[in-house]
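Just so it is clear, the structure is predicted and the values come from calculations on it, not from any experiment.
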Amino acid sequence: MKFTQSLRKNREFQEVYKKGVSFANRYFVMYVLENNQEVNRLGISVSKRTGNSVVRHRVKRLVKESYRLHEDIFNSGLNIVIVARASAASVNYKKAESAVLHLGKLHDIMKKVENE
């Protein structure tokens, strides 16, 4: 992820939860907060309700890859936290990708494509 850094500290996640705006779909909840920087900062949270450690890590990889392949169409200067719901345990890559892009469109944080 060349344009994106990771959110790592608990207080950074808590700030996005408290001050950010959230939208949800069947698999994920996305919180977005402006960070007044030139880069995006991405945090992914998967709770134990989702499954064992293998399942949780797989969901994190799917979300990270979905974001990484499309990070050039996301606006910059945002803190983004994606929280996986329990239903995300059985998701495949295509569904995860479409769910992340759907949430990006709901938040209106994706750049407008000229061809559309």
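- Listed by first and then second residue, the salt bridge (Lys or Arg N to Asp or Glu O under 4.0 Å) pairs that reach into residues 79-103 are Lys94-Glu97, sequence neighbours excluded.
- A heavy-atom distance below 4.5 Å is not found between the side chains of Lys18 and Leu33.
- Atom-to-atom distance recorded for Arg58:CZ and Asn52:CG is 11.5 Å, nearest 0.5 angstrom.
- Side-chain contact between Ile80 and Ile109 is present, with heavy atoms from C-beta onward closer than 4.5 Å.
- Side-chain atoms of Asn25 come within 3.5 Å of backbone N or O of Ala99 as a donor-acceptor pair.
- Looking only at side-chain heavy atoms (C-beta outward), Tyr93 and Glu65 come within less than 4.5 Å of each other.
- Contact detail for Leu7 and Phe13: the closest heavy-atom pair is O-CE1, 3.4 Å.
- There is a path of hydrophobic side-chain contacts, each under 4.5 Å, that joins Val63 to Met110.
- Checked against side chain to side chain contact (heavy atoms under 4.5 Å, CB included), Lys9 has the following partners two or more places apart in sequence or in another chain: Arg11, Glu12.
- Looking at every heavy atom in both residues, Arg26 comes nearest to Ser87 through O-OG, 2.7 Å.
- Side-chain contact check for Val83 versus Phe28: every heavy-atom pair is 4.5 Å or farther apart.
- Tyr67 and Val81 fall into different hydrophobic clusters, where Ile, Leu, Val, Met, Phe, Trp and Tyr are joined by side-chain heavy atoms under 4.5 Å apart, directly or via other members.
- The shortest heavy-atom contact between Ser76 and Glu38 is CB-O, 3.4 Å.
- With a 4.5 Å cut-off on side-chain heavy atoms, Val21 and Val32 do not count as touching.
- By the criterion of side-chain heavy atoms lying less than 4.5 angstrom apart, applied directly or through intervening Ile, Leu, Val, Met, Phe, Trp or Tyr residues, Leu106 is grouped together with Ile73 in one hydrophobic cluster.
- In the hydrophobic cluster analysis, where Ile, Leu, Val, Met, Phe, Trp and Tyr join through side-chain heavy atoms closer than 4.5 angstrom, Val100 is grouped together with Leu69.
- In terms of the side chain to side chain contact (heavy atoms under 4.5 Å, CB included) criterion, residue partners of Lys48 (sequence neighbours excluded) are, by chain and number, Arg56.
- Heavy-atom minimum distance, Val55 versus Ala89: CG1-CB, 3.7 Å.
- One hydrophobic cluster, built from ILVMFWY side chains closer than 4.5 Å, holds both Val59 and Leu42.
- Contact record, Val29 with Ser22: CG1-CB, 4.3 Å, taken as the closest heavy-atom pair.
- At a cut-off of 3.5 Å, with distance as the only test, a side-chain donor of Thr4 or Glu71 sits close to an acceptor on the other residue.
- Note that CD of Glu34 is 6.5 Å distant from CG of Asn36, once rounded to the nearest 0.5 Å.
- When all heavy atoms of Asn40 and Asn75 are compared, the pair lying nearest together is ND2-O, 2.9 Å.
- Of the possible polar contacts, one joining the Ser66 side chain to the Leu62 backbone as a donor-acceptor pair under 3.5 Å is found.
- More than 12 non-hydrogen atoms from other residues, nucleotides or ligands lie less than 6.0 angstrom from CZ of Arg61.
- Between Met30 and Phe23 there is no side-chain heavy-atom pair separated by less than 4.5 Å.
- More than 12 heavy atoms of other shown residues, nucleotides or ligands fall within 6.0 angstrom of atom CD in Gln37.
- Using modelled atom types, one finds no donor on one side chain facing an acceptor on the other under 3.5 Å when comparing Tyr31 with Asn79.
- Looking at heavy atoms from C-beta onward, Leu78 lies out of side-chain contact with Arg41 at the 4.5 angstrom threshold.
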